[in-house]
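Just below is one structure, and these are the notes that go with it.
Scope of the values below: all heavy atoms of this structure, side chains included, with no hydrogens, waters or symmetry mates. Chain A is the first sequence line, chain B the second, and so forth, proteins listed ahead of strands; every chain is numbered from 1.
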Amino acid sequence: MEHHFGQGTTPASESFDKTRVLNVKPLRTLVPVFPSPSNPASSSTPQGGAPFVCVSPSGPFPSGVAPFYPFFISSESQRLSEQNAQTPSGQRVPAAPVSTAVPINSFRTPTGAANGDVGSSQKNTRSRGWVTEEDGYSNVEIEEIDADEGTGTGRSKRKSNKKTKARQSGGSVSVDVDPDAVAADILKSLNALVFDVLSQPEGSRDSVAYTLMIYEVMRRKLGQIEDSNRAANSGAKRPDLKAGAIMMNKGIRTNSKKRIGVVPGVEIGDIFFFRFELCLVGLHAPSMAGIDYIGKTSQEEEPLAVSIVSSGGYEDNVEDGDVLIYSGQGGVNRDKGASDQKLERGNLALEKSAHRGNEVRVIRGLRDPQHPTGKIYVYDGLYKIQNSWVEKAKSGFNVFKYNLVRLPGQPQAYMIWKSIQQWTEKSASRAGVILPDLTSGAENIPVCLVNDVDNEKGPAYFTYIPTLKNLRPTAPVESSTGCPCVGGCQPNNFNCPCIQKNGGYLPYSSASLLADLKSVIYECGPSCQCPSNCRNRVSQSGLKFRLEVFRTKNKGWGLRSWDSIRAGTFLCEYAGEVVDSARMEELGGDNEDDYIFDSTRIYQQLEVFPGDTEAPKIPSPLYISAKNEGNVARFMNHCCSPNVLWRPVIRENKNESDLHIAFYAIRHIPPMMELTYDYGAVLPLKVGQRKKKCLCGSVKCRGYFC
DNA sequence: TGTATTCAGTAGTAT
DNA sequence: ACTACTGAATACACA
């Protein structure tokens, strides 16, 4: 594997001159994808007519212009959905996905055909628009999944269960927007994605990833809708639970059969932000309880523990990275107060597992300084219960204790967190640090330069700048003078022009996550009245994560983060020097610049998201050179299965638009995992342009990039 | 089929 | 930081 790596990227050199060390060339050329195959490139302006038709994300779509298959339903179609007065039926059905590069799994046509699907919203209004059994796809796929599991009983059980659940939710009431109808709509808009999940082999890495993506999408969208409803509908809402319940009811999950040991498709070190995520991928079934176990299936058999979550609710001992002293469950009751724990349920299962010696999955829940609200769950692999005992807790009551020891030979997971914590507290120093702050203070947090792989002393010289230089304001898509939201843009303020431009919703959630994947993100800008901490200025406040530029094994320098990064989070923008097309030509020639961001090239829709999402769409060409000046983004390597993507961000500026390129996390990214995005593939190649051998190592590697 | 049980997560209030 | 409070899956008891 490794023997042929590095050929194209590293002209072997042992220069140690710090100012001009080695030109590593992380090979950069970005290419946006355009949905329409008939307009591969676009040189015309938005008003020009052909390639760029200005379409509001919410439609209506001019004839001949395919909608982008929005990641979410638009606000407009949402409101109309009750009357089923949405865009022509063919457009809502993802039968002809934008991307011609259909993901590995073949797209499955709904059994009920397209019409059944579209009509279901009307048919099911009594049941709150729920897409139930009649919606075409659920029957076949779910049966197949059940059949795969080989549990006949499980199937019939689940089916009857599903029906009652659907009916139950049919009785629920809501004030403004019906969340169930919304959920049904979201699911419909995600049809392709749902098919993808359901057609994946149970437990494949993809089925896990897609399941989490759908969950994330559902959760954020439900939260977004909840957000704008808040005025009418007070009280704490739980989009995490809501989204989870919908997925469970629809059977959009993987590894639904409990198992001891490895869960296929879930890797050690994977991180999760909600308990439901653990549930949906089959890692840990209970939505709250900390011990998951297989109950006794017959009189003789004994319950066995399969997984535990250690998240600080009890007095667990987590000092050692490889040993966990876990407390049993029970003994706390809101009404009755504390009591002795009993040897039953999870405690009994752990006890039996200790004797049986079976592997128990351990999920470590921890507080991350980066995400003060909520916890992060780290899958830390398999442990075995060495011994157990009963002891008196602080409360004075008996508590069961289980001593779990991590099986050797597993990749680090929780230990990485511990290490980072130690580097942070300075009780241990980071090995291989070349520069504590590569940015020389240009960013608000330092970005260190590290090499613990070889002797290279740093990348080729460049000047660090945190944002774009020579920014050329471009013509606005719609004329506007910015928003008047003095106190910051509020999610339920439908009069805010910046919110309107985004299709009626703030593009970011309250946690500053990208709410949905639009082709363009409209942020507030210099001409807006809102303050700098406005929720619609996410990409403008600099780095939020402790990033480091590090030496990769075979791809030169790369970028990674000490902090875990949640899917949808803004990472950084692509900084550099904005250059014009003439200069671009020069740079594309002999003076090849591998740090170019070129918005005008064709970006082949790659397997970033399995479903159809809006491809990035840039209103006017943008070329950025980061060779001489740039920021951390210039170090991000290419990967064919990336964890980061980019979107154009337009910042409102006096009837002009400041166009930036912003990067967002596609999925949850554990600390110290390399950050990569898809450079895209240029088809056809320009004259003189070379394909570059791809070293990403992904199983889906295309073999080259451009 | 019903229900007790459970190491969530959020918002609101107090410190 | 603490508190209240709603929340949903599951095992298991029960009919």
Polar side chain donor-acceptor pair, [X] to [Y], under 3.5 angstrom:
X       : Y       : result
S388(A) : E351(A) : yes
E277(A) : H668(A) : yes
K401(A) : S327(A) : yes
S311(A) : R275(A) : no

Nucleotide [N], atom [atom2] - distance to [atom1] of [X] in whole Å:
X       : N      : atom1 : atom2 : result
K250(A) : dA9(C) : NZ    : C1'   : 19 Å
R219(A) : dG9(B) : CZ    : C1'   : 11 Å
I308(A) : dC7(B) : CD1   : P     : 12 Å
I246(A) : dG7(C) : CD1   : P     : 14 Å
Q341(A) : dC7(B) : CD    : C1'   : 11 Å
L278(A) : dA9(C) : CG    : P     : 14 Å
M248(A) : dA8(C) : CE    : P     : 12 Å
E344(A) : dT5(B) : CD    : P     : 8 Å

What residues, two or more places apart in sequence or in another chain, satisfy ring-ring contact (aromatic ring centres under 6.0 Å, His included) together with Y664(A)?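 Counting only residues at least two positions away or on another chain, Y664(A) forms a ring-ring contact (aromatic ring centres under 6.0 Å, His included) with F570(A).
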
When you measure from the side-chain N and O atoms of [X] to the phosphate of [N], is any distance below 4.0 Å, counting only OP1 and OP2?
X       : N       : value
R238(A) : dG9(B)  : no
K258(A) : dA11(C) : yes
K375(A) : dG9(B)  : no
Y293(A) : dT10(C) : no
Y402(A) : dC7(B)  : no

With ring-ring contact (aromatic ring centres under 6.0 Å, His included) as the rule and sequence neighbours excluded, what pairs involving residues 404-425 of chain A come up?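 Every pair satisfying ring-ring contact (aromatic ring centres under 6.0 Å, His included) with a residue in residues 404-425 of chain A: W423(A)-W562(A).
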
Can you work out whether R345(A) or L241(A) has the more 5'-proximal nearest nucleotide on DNA chain C?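 Result of the comparison: L241(A).
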
Any donor-acceptor pair under 3.5 Å joining the side chain of S287(A) to the base of dA8(C)?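 Yes, the side chain and the base share a sub-3.5 Å donor-acceptor pair.
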
Whether R205(A) and E267(A) form a salt bridge (side-chain N of Lys/Arg under 4.0 Å from carboxylate O of Asp/Glu) is what I want to check.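 R205(A) and E267(A): salt-bridged.
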
Where the side chain of F274(A) is concerned, which of dT10(B), dC7(B), dA8(C) is the nearest nucleotide?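 Side chain of F274(A) sits closest to dT10(B).
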
Any idea which of dC7(B), dG7(C), dT10(C) is nearest the R253(A) side chain?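 Taking heavy atoms from C-beta onward, the closest nucleotide is dT10(C).
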
So does I666(A) get a backbone contact from the side chain of N643(A), meaning a donor-acceptor N/O pair under 3.5 Å?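 Here the side-chain-to-backbone pair does not exist.
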
When all nucleic acid strands are considered with a 4.0 Å heavy-atom cut-off, which category describes G330(A): base, sugar-phosphate, or nothing?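 Counting heavy atoms under 4.0 Å across all strands, the contact made by G330(A) is with sugar-phosphate only.
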
Does Y377(A) reach a base, just sugar-phosphate, or nothing at all? Heavy atoms under 4.0 Å.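 The answer is sugar-phosphate, as Y377(A) gets under 4.0 Å only of primed atoms, P, OP1 or OP2.
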
Annotated structure of DNA chain B as dot-bracket, pair cut-off 3.5 Å, Watson-Crick or G-U only, | for inter-strand, is ||||||.||||||..

Let me know, please, whether R367(A) or I291(A) comes out on the 5' side of the other along DNA chain B by nearest nucleotide.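 In this pair, the answer is I291(A).
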
On DNA chain B, compare the nucleotides closest to P239(A) and A289(A); which residue's is nearer the 5' end?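 Its nearest nucleotide being more 5', the pick is A289(A).
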
